[in-house]
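I have placed the structure first, in the form of structure tokens, so that the comments after it can refer back to it.
Here is the naming used below: chain letters follow the sequence lines, and residue numbers restart at 1 for every chain. Only this structure's heavy atoms are used, side chains among them; waters, hydrogens and symmetry mates stay out.
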Protein chains: 2
Amino acid sequence: MLNQQPTNLDLMFQALADPTRRAMIDRLSRGPASVSELAKPFDMSLPAVVQHLQALEHSGLVSSQKVGRVRTVQIQPDALSLAEQWINDRRTMWVKRLDRLGDFLAETDEPETRT
Amino acid sequence: MLNQQPTNLDLMFQALADPTRRAMIDRLSRGPASVSELAKPFDMSLPAVVQHLQALEHSGLVSSQKVGRVRTVQIQPDALSLAEQWINDRRTMWVKRLDRLGDFLAETDEPETRT
DNA sequence: TTGTTACTTAACTCTATGCTTAACCAACAA
DNA sequence: TTGTTGGTTAAGCATAGAGTTAAGTAACAA
């Protein structure tokens, strides 16, 4: 685990860990927006907003391109589903395990014939 | 956004952002384990491992109880689905928007009767 | 060409995170 | 009762993260 560079999943969950950035994703899930549009709801300097956007872009959750002097940002839905997938896989594994445990207990209980 | 305390979702995504902690969730999705069992795969001190476990427990992703001198840790699947839910909601919203956009473009294109 | 808009870059501050070592404590085993 | 196991607590350190202000640049508008 030493000297490990951050993976996509690291960056993605890291990006989602901040409420400001989640609010931005929220906004962007309703459609693309410019940097200053995205900045408007927040009580912080523009550079701070841009740094959040860079975190989001680095993680692959959004992409952006600049035309003229305005940069337009949009969500990158495939990245979102990667994170979703990871969680779902773990939850599924856990549930399967519980099912097997349930089966086992059912079998073990049979001889007892409860009530 | 000033002076805001971290929410469940903050703590959860934060917890999932670390590869060590994701590996622990991975292990725990196969069943409960003691602290030292969980520590074994990692090349780090026990206190470090325990701090990771605290982060996971704080976020609600796992729970633990101590009997005798061994502490047993297990996954808390409901918490996992909260994170999953958040992602899914955003992705869904995005997809719906794309659908509407598609409909709009289809209508707009109709007069053109392409090819 | 002069001003304004929409960022962008740089430098700095402050706090949080991830790790370490050292010392401690309680449970069980001999 | 003495040693060992399985944590726990405390303190410290180094890096990363979230914010700031100040200054710069490129596009468009008058």
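The salt bridge (charged side-chain N to carboxylate O under 4.0 Å, His left out) search around A:Arg27 returns A:Glu37, not counting sequence neighbours.
Distance, B:Asp10 CG to D:dA18 C1': 13 Å, rounded to whole Å. We find that CG of B:Asp43 is positioned 14 Å from C1' of C:dG18, with the value rounded to whole Å. In this structure, CG of A:Asp18 is placed 10 Å from C1' of D:dG17, rounded to the nearest angstrom. Rounded to whole angstrom, the span from the CG atom of A:Leu56 across to the P atom of D:dG17 amounts to 14 Å. Nucleotide D:dA18 holds its C1' atom 14 Å from the CG atom of A:Leu53, rounded to whole Å. Regarding A:Met44, its CE atom lies at a distance of 16 Å from the P atom of D:dG17, rounded to whole Å. For A:Arg22 and D:dA18, the CZ to P distance is 12 Å, given to the nearest whole Å. The CG-P distance, from B:Leu16 to C:dT17, rounds to 15 Å in whole Å.
Where A:Ala48 and A:Gln14 meet DNA chain D, the nucleotide closest to each residue was compared, and A:Gln14 sits on the side nearer the 5' end.
Linking Ile, Leu, Val, Met, Phe, Trp and Tyr whenever their side-chain heavy atoms come within less than 4.5 Å puts B:Met44 and B:Met24 in one cluster. Taking hydrophobic clusters as Ile, Leu, Val, Met, Phe, Trp and Tyr residues chained together by side-chain heavy-atom distances below 4.5 Å, A:Leu9 shares a cluster with B:Ile25.
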| Under 4.0 Å protein heavy-atom contacts per nucleotide of nucleotides 4-10 of chain C, with B for base, S for backbone only and - for none | BBSBBB-
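A:Phe13 and B:Phe13 have parallel rings, their planes meeting at less than 30° on a 0 to 90° scale where 60° marks the start of perpendicular.
Within the 4.0 Å cut-off from OP1 or OP2 of C:dT20, at least one side-chain nitrogen or oxygen of B:Ser45 is found.
Checked by atom type and distance alone, the side chain of A:Arg21 pairs as donor or acceptor with a backbone atom of A:Ala15 at under 3.5 Å.
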| request: Report the C-alpha separation of B:Trp86 and A:Arg22 in whole Å, then their side-chain angles, then the decisive distance to 0.1 Å, and conclude whether the side-chain contact (heavy atoms from CB on, under 4.5 Å) test is met. | output: CA-CA 10 Å; B:Trp86 189 91; A:Arg22 280 204 309 280; 3.5 Å; yes
